[in-house]
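A quick write-up on the structure given underneath.
Keep in mind that this is a model prediction, so the values were computed, not measured. Chain letters run A, B, ... following the sequence lines, proteins first and then strands; every chain starts at 1. All values below were derived from every heavy atom in this structure, side-chain atoms included, with hydrogens, water molecules and symmetry-related copies excluded.
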Number of protein chains: 2
Amino acid sequence: MEFLNVSERAAISPEIAVSTVIFSLRRAPGAADDTPPRLWIPLVRRTRQPYRGQWALPGGPLGAQQSLAAAAAENLRTTTGLVPRYLEQLYAFGGLDRSPARRVVSIVYWALVRGADSNDDGPDAGAPHSELIEDPNVAWFPVDSDEVRAQLAFDHVEIVEYALWRLRNKVTYGKVAHRLLGDRFTLAQVREVYEVVLGTRLDPANFRRQLLSSPGLAETGEHLHGVKHRPPKLYRFEDPVDTPPSPAAHGAATASLQEGSLT
Amino acid sequence: MEFLNVSERAAISPEIAVSTVIFSLRRAPGAADDTPPRLWIPLVRRTRQPYRGQWALPGGPLGAQQSLAAAAAENLRTTTGLVPRYLEQLYAFGGLDRSPARRVVSIVYWALVRGADSNDDGPDAGAPHSELIEDPNVAWFPVDSDEVRAQLAFDHVEIVEYALWRLRNKVTYGKVAHRLLGDRFTLAQVREVYEVVLGTRLDPANFRRQLLSSPGLAETGEHLHGVKHRPPKLYRFEDPVDTPPSPAAHGAATASLQEGSLT
DNA sequence: CAAATAGTGTCTGTCAGACACTATAGT
DNA sequence: ACTATAGTGTCTGACAGACACTATTTG
């Protein structure tokens, strides 16, 4: 029987970890309703060296009987208590100097969950705000906050940057914006998602036309009331039928999740 | 000191392997010049179980001091003797049942190398044809051949399928077509690449206009002679200046390679 | 000159962006 | 009635696709 000590094992094959960048759209607690929401991500404070005490992306070593996407969904559930509305593999980071300790190859996923102020209620009715999470070592931060932009452990700043780039890309060419919202949404809410993610203002009339022409969008027949102007229609997205060739079969966390879809 | 036997080690962390899908554009050996070229990939015959004797993507376990892209470039060099003209991470495949033996997580790259009939000569003047490779366990196959579509080991059929999807995508939205050609090329050659990759016919006039408007394309002042019609101009691509946010810093095999660029 | 492809000119339908205008709720 | 946003109509410039036409080489 072959035996290996820890350093020999490390020399043969690096450790595999899975981390997840989880985006949600929300306003700062107590902020007025007319302030635009921002993108937030949950972080976990490290309790061990290296980078002890600093914030890092949720993640951990890959379990022996755990598919990659299942590990990512597990990160999501334990840090946010939520089920992802979108989950896609981002990239495998495998540089030699990512960690000052032993070498780790991180397979990173990115996910979208709905915000706390969606139009729906239900078992996954939005991510709770930070003060509602019991664990003091888990907290949400805006992606453009100092904690995220400069304080993260390892190479996680770069990872978040790349995840943001991918999100902007997907929102431009694809149709993932509504996954940050509830099941029922107004077109203005979708437009607000685009505006926050892309950082630009969009013409309401043209945006409406473009979105209405996309297949899968359906009226619910309901309207959103309580606003001090004409009540907008509520829409929903029927799941698109055609999925382009994609490695979705490998390790899909949930049957309803399509990974890598560009549509 | 901690000791682990082999099965315990496998239970803790799956093995990491790196494989590469290497595309080249070429005609069948001996084919006439006016037959359209096809996409070919090199395969390696497995000499060990599982799948002994079957063809598989070039690859192997990740070396302890080897970055991911470096491992992919190494696959490329040992199977084709070439330096990649494009190299990008494709996906990390980590399903539980990918191999009947111990669990392996494969980080797959895809690459473009130039074909044997480019307009240039030089140290990497095109991939040699299969008969020129010494190793009888390495051979090139068209991507739409039976060997590729149905005979590959592991889940490599699915991987090649996904790499093809990505190539078509990149060729549509990006500008990687010329990486299958030499440094100097005619616009008709680029159009032929598009036609082969996308499987459609393209209008020469409109394609020319579109390509001419892309930044970075420059005339060489030379013409391609020896054709029995008006000699076309030879162009080249100056490397684009702006690189979008991408994880290129991690494990880039060559400084001149931009990973993940969509431009 | 014939053949073949290089390369140019031009028309047309589609679509994104700009923006004026009407509709309908709350206050 | 006023305000704010929902939602419609319409114009324009850019551009992709279709296709006629000219240019220039080989044989």
Starting at CZ of B:F207 and ending at P of D:dA16, how long is that distance when rounded to a whole Å? 12 Å
Return the value, rounded to whole Å, for the distance between atom OH of B:Y194 and atom C1' of D:dA16. 15 Å
Residue pair B:R166 / B:E88, side-chain heavy-atom distance below 4.5 Å: yes
Once you round it to whole Å, what is the distance between P of C:dA16 and CG of A:L211? 12 Å
Could you check how far CG of A:L212 sits from C1' of D:dG7, rounded to whole Å? 9 Å
Applying the ring-ring contact (aromatic ring centres under 6.0 Å, His included) criterion to B:F141, which one of B:F23, B:W55, B:W40 satisfies it? B:W55
With sugar-phosphate taken as primed atoms, P, OP1 and OP2 and all else as base, the protein-contact string of nucleotides 19-27 of chain D at under 4.0 Å (heavy atoms; B, S, -) is B---BBBS-
What is the distance, to the nearest angstrom, from the CD atom on B:E192 to the P atom on C:dA6? 10 Å
Let me know the distance between CG of A:L202 and P of C:dA18, rounded to the nearest Å. 10 Å
Parallel, tilted or perpendicular, as decided by the 30° and 60° cut-offs, for the rings of A:F185 and A:H178: tilted
Under 3.5 Å donor-acceptor pairs involving side-chain atoms of residues 191-202 of chain A, not counting sequence neighbours:
unit_1	atom_1	unit_2	atom_2	d
A:Y194	OH	A:V171	O	3.4
A:E195	OE2	A:L202	N	3.0

Go through A:D144 and A:R38 one step at a time and tell me if the side-chain contact (heavy atoms from CB on, under 4.5 Å) criterion holds. CA-CA 9 Å; A:D144 51 359; A:R38 291 153 83 192; 3.1 Å; yes
Starting at atom CG of A:L224, determine the distance to atom C1' of C:dG26, rounded to an integer number of angstrom. 13 Å
Residue pairs passing the side chain to side chain donor-acceptor pair (under 3.5 Å) test where at least one lies in residues 208-219 of chain A, sequence neighbours excluded: A:N206-A:R209, A:E219-A:K233
Spacing between A:Q189 atom CD and D:dA6 atom C1', to the nearest angstrom: 13 Å
So what does B:R191 hit on the nucleic acid, given a heavy-atom distance under 4.0 Å: a base, only sugar-phosphate, or nothing? sugar-phosphate
